[in-house]
Amino acid sequence: MTDIECWLTDMDGVLVHENHPIPGASDLLQHWQETERPYLVLTNNSIFTARDLSARLAGSGITVPEEHIWTSALATAAFLKQQMPHGRAFVVGEAGILTALHEAGYVMTESNPDFVVVGETRNYSFEAITKAIRLINRGARFISTNPDATGPSAEGPLPATGAINALITKATGREPYVVGKPNPMMFRSAMNRIGAHSENTAMIGDRMDTDIIAGMEAGLRTYLVMTGISDREEIEKYPFRPDVILDSVADLLP
């Protein structure tokens with residue numbers, strides 16, 4: 001662990017669980033701050049801005065300044081800015097992706113957009129999805145912030161971005177380019193943000209199918225914690241392995 005200079009960590013299941021802090025998470029973040037370790041907290045959630053998420057984490061007793069949060073919305077905006085600076089987009093989503101694209105110099109429009117961008121929202125509108133389908137059929141490129149088919153709620157699973165992506169794909173015959181995890185592109189853009197290199201950066205996650213595979217494909221050292229989705233039985237289902245398995249992030253405290 002001494003050769004790790006920069007850290008990327010997932011949020012849900014690693015630092016917090018259903019808005020409750022995971023023991024050791026706050027101390028680890030404080031340790032990184034005090035030792036001036038470059039780090040980013042990653043999430044596929046594209047609903048909220050980094051400032052919103054910082055405030056939500058603070059409400060759970062976890063201090064993460066907004067400049068240390070990297071969302072799939074920010075990664076998508078960085079990707080589109082690189083692909084086509086000052087482009088035009090029709091967006092199905094909320095503040096997280098809209099703000100990120102505005103700040104990347106994009107114009108939001110329903111008239112001849114270069115891209116249709118589908119992000120997370122709790123208010124999917126049939127009208128907006130219909131517009132997205134028609135614009136893609138007319139030649140707009142199809143981009144999505146993340147592939148998660150469902151999201152959690154107190155009442156049970158909710159349909160999420162991946163489910164809407166599938167609906168639009170069925171109607172248009174076009175697959176989206178998905179920027180968020182498990183695309184290692186999200187990790188590469190995060191490393192660019194903090195000036196990190198893959199050989200001395202580690203990723204901490206709780207999911208084999210997103211965090212660990214994307215970390216591995218981005219060339220990072222991977223740490224799997226048992227406080228979220230994956231358990232030891234789950235690990236056996238995959239043909240790849242994390243570099244390190246931990247009970248929780250508390251095991252990383254000096």
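Any value given below was found using the heavy atoms of this structure, including those in side chains, with hydrogens, waters and symmetry copies removed.
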Check your understanding: Minimum heavy-atom separation for S46 to N146, with atom names?
Key -> OG-OD1, 4.2 Å
Check your understanding: Counting distance only, does the side-chain N/O of S54 pair as donor-acceptor with the main-chain N or O of V64 below 3.5 Å?
Key -> yes
Exercise for review: Could you tell me whether the side chain of T99 and the main chain of T49 form a donor-acceptor pair under 3.5 Å?
Suggested key: no
Practice item. Look at the side chain of R188 and the backbone N and O of A218, then say whether any donor-acceptor pair between them is shorter than 3.5 Å. Key: no
Check your understanding: Is the ring centre of W70 less than 6.0 Å from the ring centre of F187?
Key -> no
Check your understanding: Between Y106 and R88, is there a cation-pi geometry (under 6.0 Å to ring centre, at most 45° from the normal)?
Key -> no
Exercise for review: Would you mind checking if E127 and K131 are paired as a salt bridge, meaning a charged N to carboxylate O distance below 4.0 Å?
Suggested key: yes
Review point. Is it true that K181 and D206 have a side-chain N and a carboxylate O under 4.0 angstrom from each other?
Key: no
Point to revise | Stacked cation flag R141 on F115, 6.0 angstrom / 45 deg | key: yes
Practice item. Could you tell me whether the side chain of R37 and the main chain of I4 form a donor-acceptor pair under 3.5 Å? Key: yes
Exercise for review: State whether R51 and E67 are salt-bridged, where the test is any N-O pair (Lys NZ or Arg NE/NH1/NH2 against Asp/Glu carboxylate O) under 4.0 Å.
Suggested key: no
**Study point:** Short side-chain to backbone donor-acceptor contact, D231 and E234, under 3.5 Å
**Key:** yes
Practice item. In plain terms, say whether R207 and D10 are close enough for a salt bridge, that is, a side-chain N and a carboxylate O under 4.0 Å apart. Key: no
Exercise for review: Identify the heavy atoms of A25 and I62 that sit nearest to each other, and give their distance.
Suggested key: CB-CD1, 3.8 Å
**Study point:** Geometric class of the W32/Y39 ring pair [parallel <30°, tilted 30-60°, perpendicular >60°]
**Key:** tilted
Practice item. Compute whether any side-chain donor of one residue and acceptor of the other, for N183 and Y177, lie under 3.5 angstrom apart. Key: yes
Review point. Between E94 and T121, is a side-chain hydrogen bond (donor to acceptor under 3.5 Å, both in side chains) present by the stated rule, with each step listed?
Key: CA-CA 6 Å; E94 294 192 24; T121 170; 2.7 Å; yes
**Study point:** Test side-chain hydrogen bond (donor to acceptor under 3.5 Å, both in side chains) applied to S72 and N44, step by step
**Key:** CA-CA 5 Å; S72 64; N44 261 0; 4.6 Å; no
Exercise for review: Kindly say whether A171 contributes a backbone atom to a donor-acceptor pair with the side chain of R174 at under 3.5 angstrom?
Suggested key: no
